[in-house]
There are 2 protein chains.
Amino acid sequence: MFQKQEGGVVAAKGFYATGLHAGIKKVKKDMALIYSDAPCAAAGTFTTNIVKAAPVKWDMAIVHERRKAQAIVINSGIANTCTGAQGMEYCRQMAEKTAGLLALQEEDVLVASTGIIGRQLPMDKVTAGIEHMVSMLGNTLEDGTLASEAILTTDTYPKTMAFSFEIEGKTVTLGGISKGSGMVHPNMCTVLSFLTTDLNISAELLQEALLEDVKVTYNMISVDGDTSTNDSVLLLANGKAGNRKITEKNADYELFCKALNKINVYFSKRIAGDGEGSTSLLEAKVVGAKSKEEASVLARSMVSSILTKTAITGRDANWGRFLCAMGYSGIVFEPENVDLYFASKVGKVQVVSQGMAAEYSEEEATQILSAGEVSVIADMHMGESSAAAWGCDLTHEFVKINAEYRKK
Amino acid sequence: MFQKQEGGVVAAKGFYATGLHAGIKKVKKDMALIYSDAPCAAAGTFTTNIVKAAPVKWDMAIVHERRKAQAIVINSGIANTCTGAQGMEYCRQMAEKTAGLLALQEEDVLVASTGIIGRQLPMDKVTAGIEHMVSMLGNTLEDGTLASEAILTTDTYPKTMAFSFEIEGKTVTLGGISKGSGMVHPNMCTVLSFLTTDLNISAELLQEALLEDVKVTYNMISVDGDTSTNDSVLLLANGKAGNRKITEKNADYELFCKALNKINVYFSKRIAGDGEGSTSLLEAKVVGAKSKEEASVLARSMVSSILTKTAITGRDANWGRFLCAMGYSGIVFEPENVDLYFASKVGKVQVVSQGMAAEYSEEEATQILSAGEVSVIADMHMGESSAAAWGCDLTHEFVKINAEYRKK
């Protein structure tokens, strides 16, 4: 049903992008630009942190009131958070400069920043970077790659994906780029995700589809338990696929929701697995729960505990910590009914039967936990609902990265 | 007002203790016994985790219904959690064996366990250990030290304290031993604290005093964000000081509450500062909050973040993470009003003024953060309430300890 495509954020018709080193960071790329040659319906979801970055405030106004946009200008290295009126003005200037060069209004330009909190942007470098980027915009695989690289902070690799599907005989493409790595926790993380599609859809439904989907994707990730000040997922739809405009929740809408879920699950798992210093993706699945909500809380609690995380670091089937993490989640259950399993591509082993240690081989469990992507599955035996959450192990490298973060 | 005394848990009149290596752990001491030669009013608070250790269930029944006890038998190394009916029976046998040798009823004996979840106790070794301990009981400094050592898991040093004060011309002594280190988080931790006093007080008031005090002491500590399955604070009062029995909230009661707060703050700070792998105590003080409750939530959020913790590890005044942690705490405030300071015995520096970076020297801030005990102070400028919470830095050693926990 879904055909994988190259190009990520520029795979959909009419989208262009680029990225470069403007000088905010010492060496690595630090600015990206995404542009659609036609106006877009714009959707977005943002951090729930009370402390919000200037660009988050800027984008919220556009997404919630105007509901359309045509470009996204992004910088990494400095978060533009806790920067006061000056920071807000710099954010506006980023949009204004980009709009001027692309013949747009400043309200057509969304802004995103990620990096260190409390520092002001070097606006001369930022302005020069924007000028350069506008002249570099393209829609090849390479252009998409430049953008995917420029949004990273401590991520170890760029995250990019796109695929196409058919709606009423028209080929629709959905693509995007994403970053995570630090301050990553449910309710939006220093996750930045930029999604582009040529689907023709109303801004209202685009927003609703995105809001529903982040609940089961980005909001189910935890790397370090901290909800960032800058989290943003932005989704632009320019309508160039030529399908009849989707204005109601019909089968076409459902198909798009499936596509959206597919790309967001892809990014969520990559963000979790590439958590700072991580060597293993940890997926928690809860089945047999009373409700979807309870399953979600239980699953998130298991991937958020730094004791479950360090058990995975040690490839140690220390299942007591997983039961413990569910136990303090706030959900009421009978520990005596719970079964627990560890699984990976290597195999699956039951470690808890009715709340107590099952008969299993520690060696086999360690082999399963050494696969790089591991799952813990809890069967609550209380109902029919299930949920998944994603996290990662916690390593020496995480401590090193975060003890020295501002020194880079 | 308070005179420091030697002996810890045996400092109060009529209390005896000991500790030894029974063979649950490979080498280190793993069993302790505390005994009063007169019946005691018994108070206790316990983990809020749904998954509760067998001894927690045992003790809750005694403390909440019977309200009296005369001995506490403790083991470290195995938590007796997720051990089913067999584990519950082993717990009862520990009480029964101890009671038999001390001519008590089994309901006079409280039980506590800490260690690995999901394993059954080696009851032959436990039983032999209890026999040995009863023959060894004493009330010297050395006896108290043996008990303080035997309750430890990954703690790096024993925590013991006692002091005396006057009530109506009678000398009252309050002492105790405590351990923390792992699975330590608000709402009771794998904190075990055993407090003994010769005060004469009703069991009801003893329980009320303890419940009130843990809210501002043990429940304000976080080492790793995990609420253990085994947390217990037990407080025995045998009345041997000879004061008129306290049965109402008079000045004597208030004085005892002050003493209780003093010993619990002492243990709370030591538990936090001796968190697994920790090299620094982190104290968060919130002042100028709208209410005590809001101040507590804000303070706890700042010591619970693994990003603030790793900032302290790096001696890096990365204040954005502290503002961020308050921002996602759930408390509503205006970031633009917040002032933030770092302080230690070396000095005090303001790093945030009205929500933005203050003028300060990073070198000076790093010196302040290198003192081994550091405070972050947030002034919310919203009211008159304040609260403190205690945590620690997060180091490579923490990861090592927790990745390899079950291998020791």
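Note: hydrogens, waters and symmetry copies are ignored here, and every other heavy atom, side chains too, is used. Every value quoted in this text rests on a predicted model; they were computed, and no experiment measured them. Every chain is numbered from 1, with letters handed out A, B, ... down the list of sequences.
Remark: B:His381 engages no residue in a ring-ring contact (aromatic ring centres under 6.0 Å, His included) (not counting sequence neighbours).
The aromatic rings of B:His396 and A:His396 sit parallel to each other, their planes meeting at less than 30°, with 60° as the upper class boundary.
Looking at B:Asp274 and B:Lys179, no side-chain N of the basic residue comes within less than 4.0 Å of a carboxylate O on the acidic one, giving no salt bridge.
Residue A:Gln354 qualifies as open at atom CD: its count of foreign heavy atoms under 6.0 Å is 12 or below.
Contact count versus chain B (heavy atoms, under 4.5 Å) is highest, among A:Val352, A:Thr81, A:Thr83, A:Ile312, for A:Thr83. Looking only at heavy-atom pairs under 4.5 Å with chain A, the residue among B:Leu323, B:Val332, B:Val51 that has the most is B:Val51.
To the nearest 0.5 angstrom, B:Ile377 atom CD1 is 9.5 Å from B:Phe342 atom CZ.
No part of B:Glu334 comes within reach of chain A, as not one of its non-hydrogen atoms sits under 4.5 angstrom from that chain. Residue A:Gln86: no heavy atom, backbone or side chain, is found under 4.5 Å from chain B. If you measure heavy-atom distances from B:Ile331 to chain A, the contacts under 4.5 Å come from the backbone alone.
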